[in-house]
Amino acid sequence: MKDKLLYEGKAKQVFTVEGEENLLVLSYKNDATAFNGEKKEEFKGKGRYNNLISAKVFEYLHQNGVKSHFKEALNETEQLVEKTTIIPLEVVVRNVAAGSIVRRIGVEEKTNFTPSLVEFFYKKDELGDPLINDAHALLLTDAKEEELVQIKEMALKVNEVLQNLFKEVNLELVDFKLEFGRNASGDIVLSDEVSPDTCRLWDIETGEKMDKDVFREDLGDLMTVYENILTRLEALK
Ligand code: ADP
Ligand code: UDP
């Protein structure tokens, strides 16, 4: 099935698929990185958790009308996706203040954002993924103005759907990062992953952090937390 290694990133390997120009295999690695790659550690089982969690999330998004690259989980660490040309934006949605926005604009952590905020970061490791505005996004990507509007609408729809999903398993969706890409038909579809690496999730009852912040801030055993998220999602019918 999988053929040549096309790209190796910090969290995944991307493979071509034999005889299928429009498909890719994403292979989830056990590496965790933070602070633009400065902090790095390997966690046994992480690739499996993120692959299975992301697959569950994309299946749920599909059931709720969100168009994405996701086809199917192939095994414990790999999934089949539609090949897209990634628009180099990290689209961040925030419901509650945490992370970089607290440092950037001085809002207090845990401030509620109503309506939710959508931010664009330019996906460029060498620059440390800077925050950009719409004019910058038009300059730096091939997305048209109406496509930026569409991307923001899709990001807010994903937020609505995932707030419901995570609420069902007692988790508050604090914030998350999405990537969008253009498929062979030219349509913009949700791509990449949605996992505890790319979302902030807080336990609704205890307020505990249940995401990559456990690694960023050395709060405990990251794999126990990721296993807990997968178990909660698997318990849903
Ligand atoms: P990074 O490149 O930030 O280190 P990863 O290790 O997660 O991230 O690598 C996965 C790469 O695959 C990312 O660059 C991501 O943009 C890209 N990608 C995700 N989904 C698709 C897709 N459907 N088609 C093409 N590329 C994709
Ligand atoms: N995020 C991500 N990849 C990045 C940057 C951020 O998945 O390269 C996610 C992060 O996990 C959080 C949200 O996007 O859920 C907002 O992150 P923030 O801007 O607060 O950045 P931080 O400095 O905390 O990484």
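Ligands are counted one by one from 1 in listed order, and the atoms in each one are counted from 1 as well. We count residues from 1, following the sequence as given. This structure is a prediction, so every number in the text was calculated from the model and none was measured.
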Interatomic distance, Leu24 atom CG to Lys12 atom NZ [nearest 0.5 angstrom]: 11.5 Å
Tell me which protein heavy atom sits closest to atom 15 (O) of ligand 2, plus the residue, atom name and distance to 0.1 Å. Asp175 OD1, 2.6 Å
Should one rank Ser100, Gly37, Ala34 by closest heavy-atom distance to atom 21 (O) of ligand 2, which comes out on top? Ser100
Within ligand 2, which atoms have a heavy atom of Arg200 less than 4.0 Å away? 12 (C), 15 (O), 16 (C), 17 (O), 18 (P), 20 (O), 22 (P), 24 (O)
Can you list every pair that meets side-chain hydrogen bond (donor to acceptor under 3.5 Å, both in side chains) and has a residue in residues 33-43, with sequence neighbours left out? Lys39-Asp218
State the atoms of ligand 2, each with its element, that fall below the 4.0 Å cut-off from a heavy-atom position in Cys199. 15 (O)
Under 4.0 Å from ligand 1, residues with heavy atoms, in chain and number order, are Tyr7, Gly9, Lys10, Ala11, Lys12, Val14, Leu24, His69, Val81, Glu82, Lys83, Thr84, Ile86, Lys123, Glu179, Ser191, Asp192
Taking atom types as modelled, is there a side-chain donor on Ser116 or Asn95 under 3.5 Å from an acceptor on the other? yes
Is the shortest side-chain N to carboxylate O distance from Lys152 to Asp134 below 4.0 Å? yes
Which ligand 2 atoms are under 4.0 Å away from a heavy-atom of Asp129? 8 (O)
Hey, which atoms in ligand 2 end up nearer than 4.0 Å to a heavy atom of Ala98? 20 (O)
Non-neighbouring partners of Asp187 that pass salt bridge (Lys or Arg N to Asp or Glu O under 4.0 Å), sequence neighbours left out: none
Quick one: OH on Tyr122 to CG on Leu127, what's the gap to the nearest 0.5 Å? 7.0 Å
Who's closest to atom 14 (O) of ligand 2 heavy-atom-wise, of Lys123, Lys177, Glu90? Lys177
Polar contacts were defined as any N/O atom of the residue lying under 3.5 Å from an N/O atom of the ligand; does this apply to Arg103 and ligand 2? yes
Go through ligand 2 atom by atom and flag the ones less than 4.0 Å from a non-hydrogen atom of Val92. 14 (O), 16 (C)
Decide if the gap between the ring center of Phe43 and the ring center of Phe215 is smaller than 6.0 angstrom. yes
Salt bridge or not between Asp175 and Arg200? Use side-chain N to carboxylate O under 4.0 Å. yes
Provide the number and element of each atom of ligand 2 under 4.0 Å from a heavy atom of Gly99. 20 (O), 24 (O)
Out of Glu8, Lys29, Lys2, which residue meets the side-chain hydrogen bond (donor to acceptor under 3.5 Å, both in side chains) rule with Gln13? Glu8
Considering Glu179, Arg94, Lys212, Arg216, which one's heavy-atom position lies nearest to atom 10 (C) of ligand 2? Arg216
For Glu20, is there an ion pair with Lys71 - N to carboxylate O distance below 4.0 angstrom? no
Ser100 versus Arg94, side-chain donor and acceptor atoms under 3.5 Å: yes
Does some non-hydrogen atom of Asp197 fall short of 4.0 Å from ligand 2? yes
Contacts of Asp221 meeting side-chain hydrogen bond (donor to acceptor under 3.5 Å, both in side chains) (sequence neighbours excluded), chain-then-number -> Thr224
